[in-house]
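Mind looking over this structure? Questions follow.
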Amino acid sequence: KQEVTQIPAALSVPEGENLVLNCSFTDSAIYNLQWFRQDPGKGLTSLLLIQSSQREQTSGRLNASLDKSSGRSTLYIAASQPGDSATYLCAAPDRGSTLGRLYFGRGTQLTVWP
Amino acid sequence: NAGVTQTPKFQVLKTGQSMTLQCAQDMNHNSMYWYRQDPGMGLRLIYYSASEGTTDKGEVPNGYNVSRLNKREFSLRLESAAPSQTSVYFCASSEAPGMNTEAFFGQGTRLTVV
């Protein structure tokens, strides 16, 4: 069974800082990895999907990388803003599976203060 | 574009009562999923449907049944609710089994069993 760990569990930073959120997974034979954002009391919003062939994906101030050999992914947030405050989740599929079943980390709760 | 729609958003049940959570997606996705989210446990897969007409158990299927009514709709039924089923339930969908299986989530159903 795929196991996903996220570090740190919580992060509180002043506005403007560049941030790195970490995600590790146990089974590296995955086809992709997905990052989500969850606001309090809300659903999950997909941020980035990195396919194993891409190694990196960018959307605005967000950049996600994937290193399958080490079982790690990082989410980089540039010039953080108070509106970035949320919980960030990474999710990896079953080893070698394309069925889309996802295993989630417990998330990093981010607070960006003005 | 509505994406993934779940009903109801909130529900309180008494122990032993039954209910059905509804989910519909308008993205013509083949695969659909039900997850539950609990504090300290993260998101866990209950059931999934890789394509219309098929369903399979996830990590925590006990106490639940599902129906893939058609390509758009995937319902989750609690036959005899228990306090341990107090949770937030999320429905998700993705295009198909394959490498580009980006998952999209509904806004959740917050269920309390008393």
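Order of the sequence lines sets the chain letters (A, B, ...), proteins ahead of strands, with each chain counted from 1.
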Same hydrophobic cluster for Leu44(A) and Met32(B), using side-chain heavy-atom links shorter than 4.5 Å among ILVMFWY?
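As far as the 4.5 Å side-chain criterion goes, Met32(B) and Leu44(A) are not connected within one cluster.
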Arg61(A) atom CZ, over 12 foreign heavy atoms within 6.0 Å
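Result for CZ/Arg61(A): enclosed.
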Which heavy atom of Tyr33(B) sits nearest to which heavy atom of Arg101(A), and what is that distance?
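Taking Tyr33(B) first and Arg101(A) second, the nearest heavy atoms are CE2-N, 4.0 Å.
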Might you confirm whether atom CD of Gln11(B) has over 12 heavy atoms from other residues, nucleotides or ligands at distances under 6.0 Å?
yes
Applying the 4.5 Å side-chain criterion to the ILVMFWY set and letting contacts propagate, would Tyr48(B) and Phe36(A) be lumped into a single cluster?
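Linked within one cluster.
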Is there a path of hydrophobic side-chain contacts, each under 4.5 Å between heavy atoms of I, L, V, M, F, W or Y residues, that connects Tyr64(B) with Met19(B)?
yes
Can you say whether Gln37(B) sits under 4.5 Å from chain A via the side chain, the backbone, both, or neither, judging by heavy atoms?
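Side chain of Gln37(B) only, per the 4.5 Å heavy-atom cut-off to chain A.
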Side chains of Leu102(A) and Leu43(B): closer than 4.5 Å at any heavy-atom pair?
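Leu102(A) vs Leu43(B): side chains apart.
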Flag the pair Lys1(A) and Glu59(B) as a salt bridge only when some basic side-chain nitrogen lies within less than 4.0 angstrom of an acidic carboxylate oxygen.
yes
Within the supplied structure, the quantity of interest is the number of heavy atoms (other residues, nucleotides, ligands) at a distance under 6.0 Å from Ile7(A) CD1; does it exceed 12?
no
State, to 0.1 Å, how close Gln38(A) and Phe90(B) come at their nearest heavy-atom pair, and which atoms those are.
NE2-CZ, 3.5 Å
Looking at Ala103(B), is its backbone amide N or carbonyl O close enough to the side chain of Gln34(A) to form a donor-acceptor pair, meaning the two atoms are under 3.5 Å apart?
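Side chain of Gln34(A) to backbone of Ala103(B), a donor-acceptor pair under 3.5 Å: yes, one is there.
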Using the rule that Ile, Leu, Val, Met, Phe, Trp and Tyr join whenever any side-chain heavy atoms are under 4.5 Å apart, tell me whether Leu11(A) and Val4(A) fall into a single cluster.
yes
Indicate, with yes or no, if Tyr89(B) and Leu89(A) share a hydrophobic cluster defined by side-chain heavy-atom contacts under 4.5 Å among Ile, Leu, Val, Met, Phe, Trp and Tyr.
no
So which residues of residues 105-114 of chain B are in contact with chain A at a heavy-atom cut-off of under 4.5 Å?
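Residues in range: Phe105(B), Gly106(B), Gln107(B), Arg110(B).
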In Å, rounded to the nearest 0.5 Å, how long is the span from CZ of Phe104(A) to CE of Met41(B)?
14.5 Å
For Leu45(B), is it the side chain, the backbone, both, or neither that has a heavy atom closer than 4.5 Å to a heavy atom of chain A?
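For Leu45(B), side-chain heavy atoms alone lie under 4.5 Å from chain A.
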